Number of protein chains: 4
Amino acid sequence: MAAPPGVDQIRMSPRIPSPGMRAPQRRRGHERVAALLSAASSCFVEKGYDAATMTEIAARAGASIGSLYQFFPTKEALAEALIADHAEALYGHMERLVVQTPGWSSDELAARLIRTFADYRRRHPSFVVLVEAGGSLPSMLGRTIRHRIRDYLSQILAIHAPALAAGDLRPAAMVVQQLMKAAVALHNEQPASLRQAAQTQLRSALALYLKDLAEQRQPTA
Amino acid sequence: MAAPPGVDQIRMSPRIPSPGMRAPQRRRGHERVAALLSAASSCFVEKGYDAATMTEIAARAGASIGSLYQFFPTKEALAEALIADHAEALYGHMERLVVQTPGWSSDELAARLIRTFADYRRRHPSFVVLVEAGGSLPSMLGRTIRHRIRDYLSQILAIHAPALAAGDLRPAAMVVQQLMKAAVALHNEQPASLRQAAQTQLRSALALYLKDLAEQRQPTA
Amino acid sequence: MAAPPGVDQIRMSPRIPSPGMRAPQRRRGHERVAALLSAASSCFVEKGYDAATMTEIAARAGASIGSLYQFFPTKEALAEALIADHAEALYGHMERLVVQTPGWSSDELAARLIRTFADYRRRHPSFVVLVEAGGSLPSMLGRTIRHRIRDYLSQILAIHAPALAAGDLRPAAMVVQQLMKAAVALHNEQPASLRQAAQTQLRSALALYLKDLAEQRQPTA
Amino acid sequence: MAAPPGVDQIRMSPRIPSPGMRAPQRRRGHERVAALLSAASSCFVEKGYDAATMTEIAARAGASIGSLYQFFPTKEALAEALIADHAEALYGHMERLVVQTPGWSSDELAARLIRTFADYRRRHPSFVVLVEAGGSLPSMLGRTIRHRIRDYLSQILAIHAPALAAGDLRPAAMVVQQLMKAAVALHNEQPASLRQAAQTQLRSALALYLKDLAEQRQPTA
DNA sequence: TATGAATGAGGTTTCATTCAT
DNA sequence: TATGAATGAAACCTCATTCAT
């Protein structure tokens with residue numbers, strides 16, 4: 001189930017057309033779009049949003065530049081289509097986590113959260129690149145997604161630490177979110193042994209924090 | 001003592017020229033270099049490394065494009081000079097922290113670490129932009145600095161958690177480093193009340209982790 | 001059949017794309033490429049390789065600068081495409097000379113050689129400029145072509161002076177090649193009467209040399 | 001007596017100031033000028049007239065750019081000063097040849113001519129570069145020098161071939177001049193064995209031509 | 001629809017030359 | 001006089017985007 005390196009897993013099934021993207025009408029069109037998104041993804045990962053060029057993306061997809069613009073009217077639209085695709089997948093993961101949270105200890109929850117995000121980042125490397133892309137990609141999508149992820153995390157925390165004051169929910173979710181980013185960032189570290197040790201440590205830090213949240217104010221009850 | 005928004009604090013005293021930068025030799029030159037670095041810093045912060053243009057940087061510094069290139073032969077050299085300057089300041093902070101660590105509890109250490117990094121990021125916003133800049137800024141400096149910061153954190157942990165197994169030192173330092181990045185990232189969040197609550201939570205998470213490290217294996221003693 | 005002054009004769013038929021040049025694929029593209037090569041040729045002749053600018057070449061061809069770079073990714077590639085075209089023509093002339101050599105006296109051979117080169121230079125003025133261009137055009141093509149021309153001359157000499165020692169063939173060819181360069185250079189001289197007289201003299205010098213080569217060691221036979 | 005490679009032999013003795021060059025007033029100035037000319041010479045040889053930069057020339061001479069412009073108000077003036085110096089040396093050689101011509105056979109004359117020019121080019125490599133420099137160096141000096149050399153050659157031919165019709169003198173001188181250029185060009189050829197063989201051949205061609213000139217119309221007398 | 005050609009503003013960088021100290 | 005800073009026109013080249021076939 002591993003993706004070829006540098007190529008994100010993009011849904012090839014009929015997609016909800018993102019805004020700014022013309023919906024392909026036929027089978028042939030779908031293949032094109034998938035190839036274009038895949039090419040875009042690997043370009044963005046390898047060179048970053050700014051340095052990736054529409055011409056090269058088209059070439060890598062075996063398409064002409066005109067063809068690329070037929071489906072994605074701007075570079076930004078292309079990036080946003082990718083982000084939207086990736087976000088959809090991430091939302092799915094989060095929803096599954098929310099459902100499963102009730103049965104988990106802090107240790108288990110910590111492990112699942114970190115594994116989910118680390119795996120996601122391995123499978124969707126371009127997501128990170130695009131969401132972190134500086135002022136050059138002036139999309140609001142990143143912000144929206146971050147907030148939605150934060151919502152999922154809030155739900156999870158509400159389940160895991162039911163006694164937590166309502167006002168502490170979002171700040172805690174923000175911290176957990178940052179720890180997820182950390183888990184993702186650690187994936188770049190070399191050598192592998194160090195990376196794994198660090199990930200173990202991070203899991204431990206997260207577990208401690210989650211346990212603390214879960215125990216908070218419970219004596220009050 | 002706060003810097004004007006978007007303008008990093010740049011040393012105006014005679015600088016150690018970074019590699020690739022031509023050193024000014026007259027007073028006029030030093031002033032120019034300071035103005036150029038300051039202009040560069042704000043441009044990079046506002047637009048990111050790629051989108052910032054040499055032309056605008058020169059204009060903002062009230063200099064001609066030729067003047068800019070007199071001292072910084074490439075855009076990359078300019079960015080690296082900035083990074084090097086900022087890194088020097090950061091090293092200074094870290095050294096002070098190392099010295100002070102012995103007297104601190106986990107709570108105090110967590111608070112100091114987070115405050116140091118959050119303040120630093122407020123004073124040197126361009127540092128973050130440049131160190132995180134993607135493939136477009138192909139400098140190795142970021143890597144070097146990250147490793148050196150990690151060294152400082154290892155020292156701090158060795159003092160704070162003397163019983164920690166030597167092999168766990170660096171992984172733990174990596175985790176702390178990621179938490180510092182988190183503290184820095186939280187500085188962008190709005191509104192302020194949420195940001196402060198999140199920072200409190202982060203401090204708590206870090207304190208828990210540090211305490212856990214400090215207590216580890218101590219029963220053995 | 002004379003070309004307009006300063007404009008080389010460029011093949012308008014589908015060209016073999018030189019290395020580094022993107023091949024046009026539509027009719028419009030072929031016309032563009034021909035216009036661009038022609039404009040480049042006259043610019044190079046008038047100003048030399050260094051002083052000719054891509055901007056002016058594009059303008060002279062009635063194309064935008066982007067169009068120029070679409071087909072020739074660098075100034076050097078443009079020059080090399082020109083050189084390669086011209087070289088092809090020159091090789092054709094040389095092959096015809098080789099075939100005809102057997103029937104000629106030294107006087108005739110001298111006249112034909114000189115006429116061939118002088119005519120060629122009148123029709124392909126940019127060839128000379130580009131092949132002699134100094135370090136600024138770091139192409140290896142010039143070298144290659146020079147050697148190949150020398151090979152043709154060696155063949156001609158082997159036919160014309162069959163008794164010549166094999167080891168003397170290439171040195172003699174080099175001398176003949178230099179005399180060809182001289183014939184080409186004389187084309188710049190003014191006034192015309194002087195030029196013609198000089199060319200007559202040069203023909204005579206070449207004829208003497210060829211005759212001497214042809215007679216060499218023949219008593220041995 | 002060999003010059004360091006790549007550095008022309010420039011007169012260090014008080015020089016006749018070229019037009020456009022301010023005469024240095026004192027000893028110190030002379031050294032400066034000599035260093036600057038030497039640096040310029042090697043730069044021009046290595047990179048060609050266009051690619052050589054005033055900044056690098058100054059740096060190589062251990063001088064500041066301001067200092068360079070103190071003595072040579074433009075790049076062109078610098079090149080012309082160099083040319084003028086070299087030309088002076090060449091004129092000296094030619095004058096000595098003229099004086100010695102009467103005693104020489106055609107073979108000897110050919111050998112002497114070729115040796116003179118080949119040696120000269122080895123000692124003054126920048127002369128060739130500058131005189132051949134294309135439209136970028138719009139000096140008339142090259143033309144003037146070429147004509148003066150042609151005059152010397154005419155004198156030599158008048159002595160060596162006294163029966164030659166007056167109208168044939170200059171055309172013949174032009175041909176000899178081209179052969180000298182050939183001798184100079186052959187100096188670049190590799191390997192050395194081939195170069196020497198070619199030079200022998202060239203000497204033979206020149207000798208044949210000179211002998212022919214000398215014998216011409218003599219039966220008439 | 002698909003393709004490749006066309007566009008041109010704008011980016012980085014160079015360098016001869018001038019100027020102020 | 002000597003130095004290094006300042007200048008800015010202009011060079012090469014890129015690339016998102018549009019157009020014509």
Side-chain angles (χ1 to χ4, degrees), chain A residues 22 24-26 28-29 32 50-59 63-78, chain B residues 22-33 50-58 62-78, chain C residues 22-33 50-58 62-76 78, chain D residues 22 24-26 28-29 32 50-59 63-76 78:
Chain A
R22 250 181 296 288
Q25 304 298 2
R26 308 213 175 292
R28 183 76 190 283
R32 257 286 131 95
D50 284 289
T53 76
M54 294 298 268
T55 304
E56 184 177 356
I57 289 169
S64 67
I65 181 70
S67 205
L68 174 52
Y69 273 89
Q70 202 112 43
F71 292 109
F72 303 98
T74 65
K75 191 181 181 183
E76 196 184 333
L78 176 56
Chain B
R22 255 186 292 289
Q25 311 197 357
R26 294 243 219 281
R27 173 124 80 75
R28 185 91 180 270
H30 281 108
E31 291 167 11
R32 261 284 137 94
V33 165
D50 283 294
T53 77
M54 294 297 267
T55 307
E56 185 179 353
I57 290 169
S64 67
I65 183 68
S67 247
L68 174 51
Y69 275 91
Q70 177 107 36
F71 295 107
F72 302 99
T74 65
K75 192 181 179 182
E76 193 185 338
L78 176 55
Chain C
R22 255 185 295 289
Q25 311 196 359
R26 294 241 217 283
R27 171 123 80 74
R28 184 90 181 272
H30 280 109
E31 292 167 10
R32 261 284 137 94
V33 165
D50 283 295
T53 78
M54 295 296 268
T55 305
E56 184 177 354
I57 289 169
S64 68
I65 183 68
S67 247
L68 173 51
Y69 276 93
Q70 178 107 37
F71 295 107
F72 303 98
T74 63
K75 192 181 179 182
E76 193 184 337
L78 176 55
Chain D
R22 250 182 294 291
Q25 304 299 2
R26 307 217 173 292
R28 184 75 189 284
R32 257 286 132 94
D50 283 290
T53 75
M54 294 297 267
T55 303
E56 184 177 356
I57 290 169
S64 67
I65 181 70
S67 204
L68 173 52
Y69 273 89
Q70 201 114 43
F71 294 110
F72 303 98
T74 65
K75 191 181 181 182
E76 196 184 332
L78 176 56

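The sequence lines fix the lettering, A, B, ..., with proteins before strands; numbering per chain opens at 1. Given the structure is predicted, the values throughout are model-derived calculations rather than measurements.
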Value in whole Å for how far the C1' atom of dT14(E) lies from CD of E56(D): 13 Å
Residue met sooner reading DNA chain F from 5', once D50(C) and T53(A) are mapped to nucleotides: D50(C)
Position toward the 5' end of DNA chain E (nearest nucleotide), L68(A) or I65(C): L68(A)
Contact summary for G62(C) and R32(C), nearest pair of heavy atoms: O-NH2, 3.2 Å
To the nearest angstrom, the CZ-P distance between R22(B) and dA6(F) comes to 13 Å
Yes or no on side chain to side chain contact (heavy atoms under 4.5 Å, CB included) for L78(B) and M54(B), after CA distance, side-chain angles and deciding distance? CA-CA 9 Å; L78(B) 176 55; M54(B) 294 297 267; 4.0 Å; yes
Protein-nucleotide distance (F72(A), atom CZ; dT18(F), atom C1'), rounded to Å: 18 Å
side-chain N/O S67(C) vs dA5(E) OP1/OP2, d < 4.0 Å: no
Reckon R32(C) touches a base, only the sugar-phosphate, or nothing at all at heavy-atom distances under 4.0 Å? sugar-phosphate
I want to verify a distance call: between dT17(F), dT17(E), dT13(E), whose nearest atom is closest to the T74(B) side chain? dT13(E)
Residue whose closest nucleotide on DNA chain E lies nearer the 5' end, T55(D) versus S64(A): S64(A)
Output yes when at least one side-chain N/O atom of Y69(C) is less than 4.0 Å from OP1 or OP2 of dC13(F), else no. yes
Would you say dC19(E) has OP1 or OP2 under 4.0 Å from some side-chain N or O of R26(B)? no
Within this structure, what is the CD1-to-C1' distance between I57(A) and dG4(E), rounded to whole angstrom? 18 Å
Answer for the Watson-Crick or wobble partner of dA20(E), both distances under 3.5 Å, is dT3(F)
Nearest-Å distance for atom pair CD/C1', residues E76(C) and dA11(F): 16 Å
From the options E31(B), H30(B), Q25(B), select the one residue that forms a side chain to side chain donor-acceptor pair (under 3.5 Å) with R27(B). E31(B)
Would you name the heavy atoms of I57(A) and L68(A) that are closest together and state the gap between them? CG2-CD2, 4.1 Å
Name the residue closer to the 5' end of DNA chain F, choosing between A23(B) and A51(A) according to the nucleotide with the nearest heavy atom. A23(B)
Could you tell me the separation between the CD atom of Q25(C) and the C1' atom of dA2(E), rounded to a whole number of Å? 13 Å
Quick check: closest heavy atoms across P24(B) and V33(B), and the distance to 0.1 Å? CG-CG2, 3.8 Å
Determine: side-chain N/O of Q70(B) to OP1/OP2 of dA6(F), distance under 4.0 Å, yes or no. no
Could you state the atom-to-atom distance from CD of E31(B) to C1' of dA20(E) in whole Å? 14 Å
Applying a 3.5 Å limit to both distances, which nucleotide forms a Watson-Crick or G-U wobble pair with dG10(E)? dC13(F)
What nucleic acid atoms does A52(B) come within less than 4.0 Å of, heavy atoms only: base, sugar-phosphate, or nothing? sugar-phosphate
Shortest non-hydrogen separation from Y69(C) to R22(C) and the atoms involved: O-NH2, 3.5 Å
F71(B) CZ to dA6(F) P, straight-line distance once rounded to whole Å: 5 Å
Look at the side-chain N and O atoms of R28(B) and state whether any lies under 4.0 Å from the OP1 or OP2 oxygen of dA6(F). yes
